[in-house]
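What follows is a short report on a single structure.
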Amino acid sequence: MTQERQDQLADGSYEFLAIFLEGLPFIFLGTLVSGFLGTYLPRGAFAKILPKNNTLAVLISGLLGAVFPVCECAVVPVIRRLVKNGLPVSCALAYMLAAPIFNPVTAISTYKAFNNSPEIAISRLAMGYMIAVFIALIVARKTHSFFLKSSVKTENGDEHHHPRNLNAALNNSLRDLMDVGLYFCIGVVLTAILKTTVIDPTDDFWKELANNSIVGSIGMMFLAFVLSLCSTSDAFIAANFHNFKYGPKLAFMVFGPMMDAKLIFLYSTVFKWKFILFLFVAIFILTGALSILFETKILPGWMSQQTEIPLAP
Amino acid sequence: MTSLDTRLFGFLACLWGGLLIYFYHSTRIRDYLDIGFHHFIMIGGIGMLILGAYSLINPKSKSNKTEKSKSCCHDHGDHDGDQHPHDHNDCHDHGDHCHHDHEEGHGPFITIFLTLTPLILAMTYTQDKLSNGGMAKKGLYEKPALTSANLPPFTRQDLEKNVPKNEHGEFQLRMISAYYAAGDLEIQDIFEGLPVELEGRIAPEKINNASGDRLRIFRSIITCCAADLQIVGVSLEFPEEANRPQVEDWVKASGTLTFETVEDDVLPLLKIREVIPAEEPYSEFRRRQ
């Protein structure tokens with residue numbers, strides 16, 4: 001094996017362990033919550049809590065990340081159980097997609113990463129919320145068989161005689177941990193391989209993409225997909241792509257928390273693959289379009305109101 | 001799940017929990033995660049050990065027994081918010097088994113194989129750090145990002161007030177400050193010609209080093225884990241008579257900070273007075289502020 005291959009193997013192993021070790025405790029926490037929710041939460045409880053109007057329910061669900069902030073890894077097992085317990089899938093999807101972006105931790109980290117600039121943080125949160133809600137409202141019109149895996153479909157009616165005790169809750173948690181942990185592990189392997197063999201963010205190829213906002217946004221979304229960063233830290237990475245304009249950076253920060261190489265495997269514990277493909281395309285198009293709109297229509301207005309610090313020659 | 005399945009899954013949960021506890025206890029975790037995440041590793045590890053041990057001891061939950069003895073019979077193909085197509089309270093009989101699988105998922109053997117294989121491989125091949133090529137991808141040889149609006153003004157008085165000096169009167173500047181100064185004309189003016197001391201690890205220099213008299217000093221900046229690692233470095237130029245550290249050494253480098261233009265990029269450069277070995281910190285990651 002050449003030295004380069006040995007280095008790639010060592011670096012890939014290092015990246016894999018870093019993401020796996022960081023994510024596993026949060027996956028565990030998510031599955032623990034999901035196991036107890038699945039056991040103790042009465043079926044149909046959400047019907048009493050959420051507004052009867054489906055659109056209003058989706059709009060509110062998209063905001064819940066501000067109150068119940070969760071990262072993109074932990075949210076999937078929770079959503080999985082909540083859907084089983086009768087949470088409308090459209091509401092679950094709005095929360096699942098928006099929560100990693102629309103939460104105070106991500107807002108503060110984005111604000112700090114972009115030199116205390118509230119405009120970028122607000123734009124990121126607004127864009128994430130709009131995309132999540134828009135997709136959720138589309139999904140609300142589809143039958144569950146279009147997107148949900150058979151094992152996740154809502155259990156209505158006679159409650160299946162499931163006992164509500166600690167034993168059942170822990171059993172549910174263990175089952176969820178194994179299901180989600182497996183797909184998380186596969187996703188992290190894929191991420192580590194791509195990061196060490198295919199993608200080099202410092203390569204001239206990426207720098208040249210920065211010259212065009214459309215190509216730049218597409219490139220940055222692809223990069224976000226591969227890098228699979230946590231939504232609380234990705235703003236710092238985005239801010240350092242100094243060649244890119246704000247539009248592509250926003251695309252990076254909005255697309256990544258909703259869709260990345262490890263998340264598609266986590267999503268596959270809830271959704272059918274054809275729906276994940278639909279989700280990918282929808283998020284890709286919406287994020288790309290909104291980031292270009294931001295770059296060309298909104299940002300120039302903001303920038304004209306600020307005093308630019310002269311850049312180094 | 002059968003009792004055997006539950007026991008095997010419990011065993012795997014114990015292994016995952018044990019892995020987290022091992023990384024925490026051996027302090028290897030400091031090479032992978034920001035220090036703020038370390039206690040999550042310990043808590044997560046203990047939690048998984050408890051869950052796994054519980055499942056090993058008590059594999060047959062009441063829910064298993066109940067589900068085996070009951071049959072269910074309904075269809076789940078409804079829309080959001082729609083009423084269920086038929087009444088479950090009057091459940092009609094379809095036989096002894098459920099139509100749908102309550103707990104789809106993969107079996108324990110495939111889960112164990114697909115998760116333990118990459119873990120064992122990664123544990124075997126990891127060096128607990130990135131190679132030089134890996135660090136280059138994280139920005140070791142990159143120029144600093146240019147600053148934009150909204151930065152508060154920074155003056156020489158701020159520098160004197162906030163940055164401590166060593167016994168030689170040199171400013172003990174943070175690496176990230178020296179690095180990003182190259183992207184800000186205002187701060188460049190203040191830092192140009194400044195006597196400073198930088199602490200960090202040594203790497204080979206690949207920029208503007210045809211004569212071979214340079215090395216690079218760097219620090220790793222992190223938010224969560226090594227996946228979001230960013231490496232910031234400053235070029236070190238050694239006079240002929242100066243002692244040179246080895247690559248990978250942890251040092252304090254003192255000298256005069258200046259800025260040079262290489263292929264239209266402004267880069268920080270420390271002209272070395274002396275380099276002394278330094279004690280390596282518990283974690284070499286510096287958290288993003």
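So that the names make sense, note that chain A is the first sequence line, chain B the second, and so on, each numbered from 1.
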Mind checking whether A:Phe26 and B:Phe40 have parallel, tilted or perpendicular rings, split at 30° and 60°? tilted

Given side chains that start at C-beta, do those of B:Tyr54 and A:Asn167 come closer than 4.5 Å, heavy atoms only? yes

What residue, out of A:Gln8, A:Glu4, A:Glu22, A:Gln6, has the most heavy-atom pairs lying under 4.5 Å from chain B? A:Glu22

Report yes if the side chains of A:Pro25 and B:Ile41 come closer than 4.5 Å at any heavy-atom pair, otherwise no. yes

Would you compute the distance between atom CZ of B:Phe113 and atom CG of A:Leu182 and round it to the nearest 0.5 angstrom? 11.5 Å

Distance, nearest 0.5 Å, that separates CZ of A:Phe16 from OG1 of B:Thr126: 11.0 Å

Side chain, backbone, both or neither: which part of B:Met135 has an atom under 4.5 Å from a heavy atom of chain A? neither

Could you measure the distance from the CZ atom of A:Arg175 to the OG1 atom of B:Thr6? Nearest 0.5 Å is fine. 8.5 Å

Go through B:Phe37 and A:Leu21 one step at a time and tell me if the side-chain contact (heavy atoms from CB on, under 4.5 Å) criterion holds. CA-CA 10 Å; B:Phe37 281 79; A:Leu21 291 171; over 6 Å; no

For B:Asp31 and A:Tyr14, does a side-chain donor sit closer than 3.5 Å to a side-chain acceptor? no

Enter the distance from A:Thr202:OG1 to B:Leu140:CG here, rounded to the nearest 0.5 Å. 10.0 Å

Nearest atoms (heavy-atom pairs only) where A:Thr197 meets B:Lys137: N-NZ, 4.3 Å

Counting only heavy atoms from other residues, nucleotides and ligands, does the tally under 6.0 Å from CD1 of A:Ile138 exceed 12? yes

Assess whether atom CZ of B:Phe11 is packed by more than 12 heavy atoms of other residues, nucleotides or ligands within 6.0 Å. no

Largest heavy-atom contact set with chain B, pairs under 4.5 Å, which of A:Leu174, A:Asp7, A:Asp203: A:Leu174

Which region of A:Phe184, side chain (C-beta onward) or backbone (N, CA, C, O), has a non-hydrogen atom less than 4.5 Å from a non-hydrogen atom of chain B, or is it both or neither? neither

How long is the gap from CG on A:Leu17 to CG on B:Leu33, to the nearest 0.5 Å? 10.0 Å

Which of the residues A:Ile27, A:Leu170, A:Val189 is involved in the greatest number of heavy-atom pairs with chain B at under 4.5 angstrom? A:Leu170

Among B:Ile43, B:Leu20, B:Leu114, B:Leu119, who wins on heavy-atom pairs under 4.5 Å with chain A? B:Leu119

Residue B:His39 excluded, over 12 heavy atoms near NE2 under 6.0 Å: yes

Name the region of A:Lys195, side chain, backbone, both or neither, that has any atom closer than 4.5 Å to a heavy atom of chain B. both

Chain B contacts, top residue of A:Ile19, A:Thr31, A:Leu177 (heavy-atom pairs, under 4.5 Å): A:Leu177

Looking at A:Leu229, A:Leu24, A:Leu50, which has the largest count of heavy-atom pairs under 4.5 Å with chain B? A:Leu24

What's the shortest heavy-atom distance between A:Ile237 and B:Leu229, and which atoms? CD1-O, 4.4 Å

When the 4.5 angstrom heavy-atom criterion is applied to B:Phe23 and chain A, the contacting part is side chain

Among B:Ala13, B:Ser55, B:Ala227, B:Gly133, the residue with the most heavy-atom pairs under 4.5 Å to chain A is B:Ala227

Do you know which of A:Thr269, A:Asp200, A:Asp234 has the most heavy-atom pairs with chain B at a distance under 4.5 angstrom? A:Asp200

Shortest non-hydrogen separation from A:Asp11 to B:Lys129 and the atoms involved: OD1-O, 4.1 Å

Which atom pair, heavy atoms only, marks the closest approach of B:Tyr125 to A:Ser13? CB-OG, 3.4 Å

Between chain A and each of B:Pro118, B:Gly44, B:Gly134, count heavy-atom pairs under 4.5 Å; write down the option with the most. B:Pro118

Distance (rounded to the nearest 0.5 Å) between B:Leu116 CG and A:Cys185 SG: 8.5 Å

Salt bridge or not for A:Glu15 and B:Lys138, using N-O below 4.0 Å? yes

